[in-house]
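Heads up, the thing below is written out as structure tokens.
Side chains are part of it too, since the values below use all heavy atoms of this structure and drop only hydrogens, waters and symmetry mates.
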Amino acid sequence: MPPVPHRIGASALLTAAALGSVLVSPLPAAAAPARHCVGDVDGSGQECFDSYEEAIDAAEARVGHTLAEQERALIGQERSLAGSPPGTLAAASDFNVIIGTYFEHANYGGATFTLYGDNTCQGGDDTEFWFTFPSEWQGIISSAQPWARCSLWLHAGPDGTGDRDGPYRENTPDIGGYMNDRTVSTTLG
């Protein structure tokens with residue numbers, strides 16, 4: 001029986017084509033490292049890093065103290081101002097603070113954005129200042145950690161406008177479905 005060159009050739013050609021497409025196809029891109037950014041609540045000084053630790057170190061350097069030192073100072077101020085009228089803590093605070101960190105994923109995962117600024121929040125329901133996230137940070141926030149006695153609200157529009165949820169006064173590993181991946185700005189009180 002004579003060989004069937006067309007079948008062998010066709011089979012070899014298909015195998016070679018399949019192998020060639022595998023070899024020529026680009027490999028899947030490696031996932032980009034999460035970005036960890038810090039920024040002043042006044043909108044200036046944004047900088048991003050490869051790790052959360054680098055970002056927190058930068059925020060601590062910008063405010064001039066560590067988070068632990070910040071908490072000790074706030075506790076000391078609260079004790080010394082016990083019995084003072086409301087609002088006295090913020091007025092007495094003359095140092096910059098780390099306000100909070102916003103996370104891309106639930107349970108404090110993924111990329112981070114840490115805000116810092118001067119003075120402290122009252123922790124109440126009044127809006128003391130707001131911050132509109134840079135475009136690459138809009139619509140991705142899923143968890144938050146407030147610091148410096150701040151209450152954080154999340155908004156679907158810029159400059160504290162649009163749908164709002166909060167306040168978040170404690171570490172919140174999941175902001176819930178209402179504002180998940182919808183946040184454009186935050187107001188702080």
Side-chain angles (χ1 to χ4, degrees), residues 36-43 52 55-56 58-60 62-134 137-189:
H36 303 277
C37 302
V38 297
D40 194 317
V41 75
D42 71 7
Y52 175 70
I56 290 298
E60 289 175 339
R62 299 235 171 83
V63 300
H65 48 265
T66 67
L67 278 169
E69 291 167 340
Q70 171 177 300
E71 290 306 304
R72 282 194 300 272
L74 290 171
I75 289 168
Q77 284 181 345
E78 286 172 345
R79 285 183 183 147
S80 70
L81 296 172
S84 298
T88 308
L89 176 61
S93 300
D94 58 358
F95 62 95
N96 290 332
V97 294
I98 298 172
I99 295 166
T101 298
Y102 302 82
F103 296 82
E104 176 186 18
H105 300 307
N107 297 313
Y108 318 115
T112 62
F113 196 101
T114 299
L115 278 177
Y116 62 90
D118 56 356
N119 223 319
T120 61
C121 303
Q122 292 298 305
D125 291 334
D126 294 333
T127 297
E128 295 178 39
F129 42 94
W130 67 87
F131 179 81
T132 298
F133 290 97
W137 268 91
Q138 295 179 9
I140 68 167
I141 294 170
S142 296
S143 56
Q145 290 180 335
W147 292 314
R149 310 301 184 264
C150 289
S151 295
L152 312 176
W153 283 268
L154 304 176
H155 297 264
D159 302 327
T161 64
D163 292 337
R164 168 179 135 155
D165 199 15
Y168 301 96
R169 293 185 172 106
E170 298 175 4
N171 290 347
T172 307
D174 183 352
I175 62 170
Y178 185 63
M179 285 304 292
N180 187 53
D181 293 340
R182 294 184 60 217
T183 300
V184 171
S185 65
T186 185
T187 52
L188 307 133

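- Looking only at distances, no side-chain donor or acceptor of T172 sits under 3.5 Å from a matching main-chain atom of I175.
- With 3.5 Å as the limit, one finds no donor-acceptor pair spanning the side chains of T183 and H155.
- A distance-only check finds no donor-acceptor pair linking the side chain of T112 to the backbone of H36 [under 3.5 Å].
- Taking both residues in full, the closest heavy atoms of E128 and G189 are given as OE2-C, 3.4 Å, listed atom of the first, atom of the second, then distance.
- Below 30°, between 30° and 60°, or above 60°: for F133 and Y102 the angle between ring planes is above 60°, a perpendicular geometry.
- For the residue pair T101 / T114, a side-chain donor-acceptor distance below 3.5 Å is found, with atom types taken as modelled.
- For H65 (side chain) and A73 (main-chain N/O), no donor-acceptor pair under 3.5 Å exists by modelled atom type.
- Checked by atom type and distance alone, the side chain of Y52 never pairs as donor or acceptor with a backbone atom of G110 at under 3.5 Å.
- The backbone N or O of A68 lies less than 3.5 Å from no partner atom in the side chain of E71, so there is not a single donor-acceptor pair.
- Of the possible donor and acceptor atoms, one in the side chain of R182 sits under 3.5 Å from a partner among the backbone N and O of Y178.
- Side-chain contact check for Y168 and D165: at least one donor-acceptor pair (N or O, by modelled atom type) lies under 3.5 Å.
- Looking at E104, its side chain never comes within 3.5 Å of a backbone N or O of G109 through a donor-acceptor pair.
- Ion pair D40/R62 not flagged as a salt bridge, since none of the NZ, NE, NH1 or NH2 atoms sits closer than 4.0 Å to an Asp/Glu carboxylate oxygen.
- A donor-acceptor contact closer than 3.5 angstrom is absent between the side chains of S142 and D174.
- Heavy-atom minimum distance, S185 versus G157: OG-O, 2.5 Å.
- With E60 contributing its side chain and L67 its backbone, the two residues share a donor-acceptor pair below 3.5 Å.
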